[in-house]
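Here the structure comes first, spelled out in structure tokens, and everything after it is commentary.
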Amino acid sequence: MVVAVTYEDGQVFQHFGHSENFKIYETADGKIVKSEIYGTEGQGHGALAGFLNSYKVDALICGGIGGGARNALAEMGIRLYPGVSGNADEAVEALLNGTLSYDPDTMCSHHEGEHNCGDHGHDCGGHSCGSH
């Protein structure tokens, strides 16, 4: 099985569509046999599903993800494990041993006109939540 993780500084990056890097793991017999970090070269949102498909990814671990990206991944047969935070390597190990804590209903509402502070790994800066 090939597993991809949205990746930044060893952690699961929290916004799929803005992920600049994916760490892709090759696994066999329930163990990681190889991993490598790949840059997305500026691709975002819908194009990222094709990017992952080109690496023959079977499963994706991520933080927040929008509906369009969910649909694109589903069309390519990539299993989704959203709502994950923390160390990327540990998340893959947890997936392999059946203990990954994830939330299948995690949605990134950023693109649907709502903004929830903290959902994307950043704060609201100078704007108020829910105002745009």
Side-chain angles (χ1 to χ4, degrees):
M1 176 168 64
V2 178
V3 180
V5 180
T6 52
Y7 188 81
E8 182 177 68
D9 297 326
Q11 303 295 303
V12 177
F13 185 67
Q14 292 301 298
H15 190 158
F16 172 80
H18 290 197
S19 189
E20 294 180 8
N21 297 294
F22 286 90
K23 190 166 184 181
I24 298 179
Y25 301 77
E26 291 181 30
T27 70
D29 301 319
K31 301 209 181 301
I32 297 169
V33 295
K34 179 182 173 189
S35 65
E36 193 164 337
I37 299 167
Y38 296 92
T40 62
E41 300 174 18
Q43 297 181 67
H45 294 95
L48 292 176
F51 173 87
L52 294 175
N53 195 47
S54 73
Y55 287 99
K56 303 197 180 345
V57 168
D58 300 299
L60 170 69
I61 297 172
C62 66
I65 185 166
R70 282 176 168 268
N71 293 339
L73 292 167
E75 286 175 14
M76 294 181 182
I78 299 173
R79 288 185 306 279
L80 179 61
Y81 298 91
V84 177
S85 60
N87 182 282
D89 294 349
E90 291 172 7
V92 174
E93 301 241 356
L95 176 65
L96 295 175
N97 67 34
T99 62
L100 180 65
S101 177
Y102 69 100
D103 180 356
D105 298 322
T106 298
M107 289 291 287
C108 175
S109 60
H110 192 70
H111 305 289
E112 283 79 39
E114 296 177 19
H115 182 82
N116 298 315
C117 275
D119 285 353
H120 309 294
H122 64 272
D123 62 30
C124 283
H127 64 271
S128 60
C129 286
S131 66
H132 64 280

Answer yes or no: is there a side-chain heavy-atom contact under 4.5 Å between [X] and [Y]?
X     : Y     : answer
Glu20 : Phe13 : no
Glu36 : Ile24 : no
Phe22 : Leu48 : yes
Val57 : Met76 : no
Asn21 : Glu8  : no
Leu95 : Thr27 : no

I need the [X] [atom1] to [Y] [atom2] distance, nearest 0.5 Å.
X     : Y      : atom1 : atom2 : answer
Leu52 : Phe16  : CG    : CZ    : 5.5 Å
Tyr81 : Leu100 : OH    : CG    : 8.0 Å
Asn87 : Asp9   : CG    : CG    : 11.5 Å

Step by step, would you call Asp89 with Tyr25 a side chain to side chain contact (heavy atoms under 4.5 Å, CB included)? CA-CA 9 Å; Asp89 294 349; Tyr25 301 77; 2.6 Å; yes
Which atom of Val12 lies closest to which atom of Ala91, heavy atoms considered: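 Looks like CG2-CB, 4.3 Å.
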Leu73-Met1 co-clustered via ILVMFWY side chain contacts under 4.5 Å: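 The answer is no; the residues belong to distinct hydrophobic clusters.
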Using the rule that two of Ile, Leu, Val, Met, Phe, Trp, Tyr join whenever any of their side-chain heavy atoms come within less than 4.5 Å, decide whether Leu80 and Val5 are in one cluster.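 As far as the 4.5 Å side-chain criterion goes, Val5 and Leu80 are not connected within one cluster.
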Side chain to side chain contact (heavy atoms under 4.5 Å, CB included), that's the test. Do Ile32 and Glu93 meet it? Break it down for me. CA-CA 8 Å; Ile32 297 169; Glu93 301 241 356; 3.9 Å; yes
Okay, side chain of Glu75, backbone of Arg70: is any donor-acceptor separation there less than 3.5 Å?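 Side chain of Glu75 to backbone of Arg70, a donor-acceptor pair under 3.5 Å: no, none is there.
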